[in-house]
Amino acid sequence: NLHWYDYAVCVVYLSYFVATYLVAGFLWFSARSLFRRYVAMIVILALMGFATYALFPAAPPWLASQYGQLDPTTRSIAVIWGEIPIVHVNTFFEEGSQYANPVAAVPSLHAAYTLLVTLILWRPAPPWGRLMLAAYPWAMAFALVYTAEHYFVDILLGWIYALVAFWTVSRLTELVAERRLRRATPRSLRTSSSDGNASPPVEPRWGCSRCPNPRRTPTTDRPRRSALGHRRPGREPGGRCGAGHRHPFVPAGLDLQPQR
C-alpha cells in the first residue's frame with residue numbers, strides 16, 4: 001500500500017537524474033566562470049566514485065537482503081515506478097536497471113551530487129533558497145535509506161567525496177588566479193612587495209617619457225555630466241604633462257625616465 005510520502009520520496013530520488021544538468025544549464029547562462037568550476041567538480045567526483053566502485057564493490061541493502069545477509073527489505077523505487085500511471089514506465093525501469101551496476105553502492109553518488117549542488121549554489125542563492133538547499137541533501141539521504149538503496153555510511157562517504165571535489169577545484173582556482181595576478185603585476189612591484197624592508201608605497205605618480213623635464217602633477221580632464229545630470233568621471237587614468245603630451249598613468253614604484 002503506497003502513501004503520498006512514498007511518491008514524494010520517489011520524486012526526491014529521481015531529482016538526482018535531472019538536478020545536476022539543470023544546475024549546469026543555469027550556471028552556463030548566469031555565471032560562466034562558476035560553470036567551469038562546477039563541471040570540473042562533477043568530473044573529479046565521478047572519477048573518484050568510479051575508481052572506488054572498481055576497487056571496492058559493495059552491495060546495497062536491497063541486494064544484501066536477497067542473499068540473506070539482511071532482514072527482508074523492499075526496493076521501494078521499483079514498486080513506486082510500477083504504480084505511476086504512465087504508459088511503459090515500469091518497462092522502462094526494468095529494462096534500464098539491467099545496465100546498472102548493482103554493486104556500486106559505496107559511495108552514494110546520489111548523496112554526493114546532491115551536496116555538490118547545494119555547495120555550488122549556496123553563495124548566489126537568496127535566503128529562502130538556502131533553506132531549500134540545506135534541506136535537499138538530507139531529503140535525499142532519507143530517500144536513499146527509506147528505499148533501501150544505500151546505507152547511511154554510503155551517504156556520509158558520498159558527502160566526503162563531494163567536499164573533497166569542491167575544495168580541490170576551489171583551491172586550484174584560487175591558485176591559478178593568484179598566479180595570473182602575479183604575472184600581470186610588474187616585476188619591480190613584485191620585488192618591492194616581497195622585500196620585508198621595503199619602504200611603504202608612495203602615491204601614484206605621473207610622467208612622460210617624451211619630455212625632458214616631465215611634470216609630476218598632470219592636468220586631468222574634469223568630471224563631466226550626462227544629459228540626465230549624472231556625474232561621469234574624466235578620462236582616467238591619463239593626463240597631460242607640461243609639454244601638452246598625453247601620457248599614461250604610472251603606478252607607484254615605477255619611474256619613467258625621459259628619453260634623450
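We number each residue from 1, following the sequence as shown. A quick note: this is a predicted structure, and the numbers were derived from the prediction, not measured.
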Are the side chains of [Y] and [X] in contact, using a 4.5 Å heavy-atom criterion?
X    : Y    : result
I44  : M41  : no
L27  : L121 : yes
E149 : P61  : no
Y151 : L70  : yes
F142 : V12  : no
Y5   : Y146 : yes

If two hydrophobic side chains count as joined below 4.5 Å and joins carry through other members, does [X] share a cluster with [Y]?
X    : Y    : value
V103 : L109 : no
F26  : W28  : yes
W4   : V9   : yes
L163 : F152 : yes
L45  : L156 : yes

Determine the minimum heavy-atom distance between [X] and [Y], stating which atoms define it.
X    : Y    : value
A141 : W159 : CB-CZ2, 4.1 Å
G129 : A125 : C-CB, 4.4 Å
L144 : T147 : O-OG1, 3.5 Å

Report yes or no: does [X] contribute a side-chain atom to a donor-acceptor pair with the main-chain N or O of [Y] at less than 3.5 Å?
X    : Y    : value
Y53  : P107 : yes
R171 : W167 : no
S65  : W62  : yes
S108 : G158 : no
Y38  : T20  : yes

Would you give the length of the straight line joining atom [atom1] of [X] to atom [atom2] of [Y], rounded to the nearest 0.5 angstrom?
X    : Y    : atom1 : atom2 : result
Y7   : L14  : OH    : CG    : 13.0 Å
W138 : I155 : CH2   : CD1   : 9.0 Å
M132 : T118 : CE    : OG1   : 10.5 Å
L116 : Y161 : CG    : OH    : 15.0 Å

* Do V145 and H150 pass the side-chain contact (heavy atoms from CB on, under 4.5 Å) test, and can you show the C-alpha distance, the side-chain angles, and the key distance before you say yes or no? -> CA-CA 6 Å; V145 175; H150 286 281; 5.8 Å; no
* Let me see the working for S15 and Y136 under side-chain hydrogen bond (donor to acceptor under 3.5 Å, both in side chains), right down to the final yes or no. => CA-CA 10 Å; S15 67; Y136 188 36; 2.7 Å; yes
* To do: Measure the acute angle between the ring planes of Y113 and Y16, then classify it against the limits of 30° and 60° as parallel, tilted or perpendicular.
  => tilted
* **side-chain contact (heavy atoms from CB on, under 4.5 Å) partner of P137, chosen from L119, T114, V117** => T114
* F50 CZ: over 12 foreign heavy atoms closer than 6.0 Å -> no
* For the residue pair H110 and F17, is the inter-centroid distance of their aromatic rings smaller than 6.0 Å? -> yes
* Tell me, please, whether W128 has R130 positioned over its six-membered ring: NZ or CZ under 6.0 Å from the ring centre and within 45 degrees of its axis? => no
